Amino acid sequence: MTYGWLNLDKPTGISSAQAIAQVKKTFGIKKAGHLGTLNPLASGVLPITLGKATKTIPYLSYNSKVHNFTIK
């Protein structure tokens, strides 16, 4: 069984849920989760848990958020 953490550089244009679905399909796993959510218009690191590692999310979750952006 595959388990652990994956830091995904999520591109713009897909939701966090869509990113999870792609990771699950790529690795052929049934269970995956993510720490936080990125807007579909945002790109950035999306921490993803695989398999049994999903049980560790509550121990690493926090409520603080920082948003950095550039307007052109």
Side-chain angles (χ1 to χ4, degrees):
M1 168 171 227
T2 302
Y3 63 93
W5 282 80
L6 171 71
N7 285 322
L8 178 70
D9 185 9
K10 187 193 85 63
T12 58
I14 64 169
S15 68
S16 295
Q18 289 170 321
I20 292 289
Q22 288 180 5
V23 166
K24 287 168 66 173
K25 183 178 178 182
T26 299
F27 288 102
I29 59 174
K30 294 182 180 181
K31 192 171 184 179
H34 57 88
L35 187 64
T37 301
L38 289 175
N39 185 295
L41 298 176
S43 65
V45 176
L46 181 65
I48 296 176
T49 56
L50 308 173
K52 292 180 181 180
T54 57
K55 294 178 182 179
T56 64
I57 290 175
Y59 300 104
L60 298 169
S61 185
Y62 58 91
N63 294 327
S64 177
K65 284 188 178 184
V66 175
H67 298 275
N68 295 317
F69 58 93
T70 303
I71 299 174
K72 294 182 181 182

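Below, each value reflects all heavy atoms present in this structure, side chains not excepted, and no hydrogens, waters or symmetry copies. Remember, it's a predicted structure, so these values are computed and weren't measured experimentally.
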Sequence neighbours excluded and cut-off under 3.5 Å, please list the side-chain donor-acceptor pairs for residues 18-26, or say none.
{"from": "Gln18", "atom 1": "OE1", "to": "Ser15", "atom 2": "N", "distance (Å)": "2.7"}
{"from": "Gln18", "atom 1": "OE1", "to": "Ser15", "atom 2": "OG", "distance (Å)": "3.4"}
{"from": "Lys24", "atom 1": "NZ", "to": "Lys30", "atom 2": "O", "distance (Å)": "3.3"}
{"from": "Thr26", "atom 1": "OG1", "to": "Gln22", "atom 2": "O", "distance (Å)": "2.8"}

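- By the criterion of side-chain heavy atoms lying less than 4.5 angstrom apart, applied directly or through intervening Ile, Leu, Val, Met, Phe, Trp or Tyr residues, Phe27 is grouped together with Leu46 in one hydrophobic cluster.
- Hydrophobic cluster membership for Ile71: Phe69 (Ile, Leu, Val, Met, Phe, Trp, Tyr linked by side-chain heavy atoms under 4.5 Å, directly or transitively).
- By the side chain to side chain contact (heavy atoms under 4.5 Å, CB included) test, Thr54 is found to be paired with Lys31, Thr49, residues two or more places apart in sequence or in another chain being considered.
- Remark: Asn7 pairs with Val45, Pro47 by the side chain to side chain contact (heavy atoms under 4.5 Å, CB included) rule, at least two apart or across chains.
- Of all heavy-atom pairs spanning Pro40 and Lys10, the tightest one is O-NZ, 3.9 Å.
- No chain of hydrophobic side-chain contacts below 4.5 Å, direct or via other Ile, Leu, Val, Met, Phe, Trp or Tyr residues, connects Ile57 to Leu8.
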